[in-house]
Amino acid sequence: SRDYLFKVLVIGNGHVGKTSLVHRYVNEKFNKNYKITVGVDFALKVLPWSDTQTVRLQLWDIAGQERFASMTRIYYREASGCIIMFDVTDACSFRGVRNWKDDLDAKATPPGGGPLPCILLANKSDLSPWELTQESIEEFSKANGFIGWMETSVKENKNINESINFLVEKMMMT
Ligand code: GDP
């Protein structure tokens with residue numbers, strides 16, 4: 001049997017749903033008032049992957065540090081993958097994605113030397129109107145080296161397991 005341990009960063013502008021995502025995924029709940037406890041660095045999810053494989057995911061939420069719009073190298077150290085989120089009803093949060101991706105590419109140093117697998121999540125897809133088209137998100141995702149993008153709703157539990165499983169598959173291949 002084989003065990004994998006992956007450190008996964010969850011980044012993006014404030015209020016896009018990062019903390020809710022981690023809480024939903026790890027605790028299987030959506031609580032609109034949930035905030036991660038200050039001082040907790042990451043949440044752990046144990047994922048039985050196959051008969052012989054177990055995946056342990058450390059999900060690192062930047063918990064309130066979005067105002068810096070960039071993170072220290074320590075935060076990125078030994079990351080295996082990354083989730084960048086934005087809010088489909090907030091074009092400003094979509095523009096923020098580029099800064100987060102640039103910061104990640106400048107500071108993350110994956111062991112193999114290649115790019116860090118990074119998925120783009122278009123969150124709050126249950127709300128309308130969207131300020132972005134699916135075409136513009138698709139084009140942006142391709143042009144900026146994401147492994148792909150998915151529309152998610154943490155509130156409605158849409159594409160949460162699917163998107164993280166997709167990222168896990170890519171991390172297992174790198
Ligand atoms: P963070 O600052 O990125 O960690 O964002 P939070 O997780 O604190 O979420 C910000 C707000 O958006 C909270 O009020 C959440 O309940 C709400 N929220 C998060 N995800 C969704 C979603 O998919 N749909 C809707 N409608 N609201 C969401």
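First listed ligand is number 1; within each ligand, the first listed atom is number 1. Computed from a predicted model, the values in this text were never measured in an experiment.
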>> I'd like to know whether Val16 forms a side chain to side chain contact (heavy atoms under 4.5 Å, CB included) with Asn123, so could you lay out the CA-CA distance, the side-chain angles of the two residues, the decisive distance to 0.1 Å, and finally the verdict.
In response: CA-CA 7 Å; Val16 299; Asn123 193 41; 5.7 Å; no
> Do any nitrogen or oxygen atoms of Gly14 come within less than 3.5 Å of a nitrogen or oxygen of ligand 1?
Replying inline: no
>> Using a plain distance cutoff, I'd like to know if Leu127 has any nitrogen or oxygen under 3.5 Å from a nitrogen or oxygen of ligand 1.
In response: no
> Just checking, any donor-acceptor pair under 3.5 angstrom between side chains of Asn13 and Ser93?
Replying inline: no
>> Are any of the N/O atoms on Lys18, whether in the backbone or the side chain, positioned under 3.5 angstrom from an N/O atom of ligand 1?
In response: yes
> Out of Ser20, Ala122, Ser153, who gets a non-hydrogen atom closest to atom 15 (C) of ligand 1?
Replying inline: Ser20
>> Test of understanding: with ring-ring contact (aromatic ring centres under 6.0 Å, His included), list the residues that count as partners of Tyr4, not counting sequence neighbours.
In response: Phe6
> Is the shortest side-chain N to carboxylate O distance from Lys158 to Asp126 below 4.0 Å?
Replying inline: no
>> Please determine whether a side-chain nitrogen of the Lys or Arg among Arg98 and Asp102 lies less than 4.0 Å from a carboxylate oxygen of the Asp or Glu.
In response: no
> Any Lys/Arg nitrogen of Asp61 or Lys18 sitting under 4.0 Å from an Asp/Glu carboxylate oxygen of the other?
Replying inline: no
>> Counting only nitrogen or oxygen atoms and a 3.5 angstrom limit, does Gly17 reach ligand 1?
In response: yes
> Residues in ring-ring contact (aromatic ring centres under 6.0 Å, His included) with Phe86, at least two apart?
Replying inline: Phe94
> Quick check: does Lys155 get an N/O under 3.5 Å from an N/O on ligand 1?
Replying inline: yes
> Is Asp126 touching ligand 1 with its side chain, its backbone, both, or neither, if touching means heavy atoms under 4.0 Å apart?
Replying inline: side chain
>> For Asn123, which part has a heavy atom under 4.0 Å from ligand 1: side chain, backbone, both, or neither?
In response: side chain
>> Between ligand 1 and Thr19, is the shortest N or O to N or O distance under 3.5 Å?
In response: yes
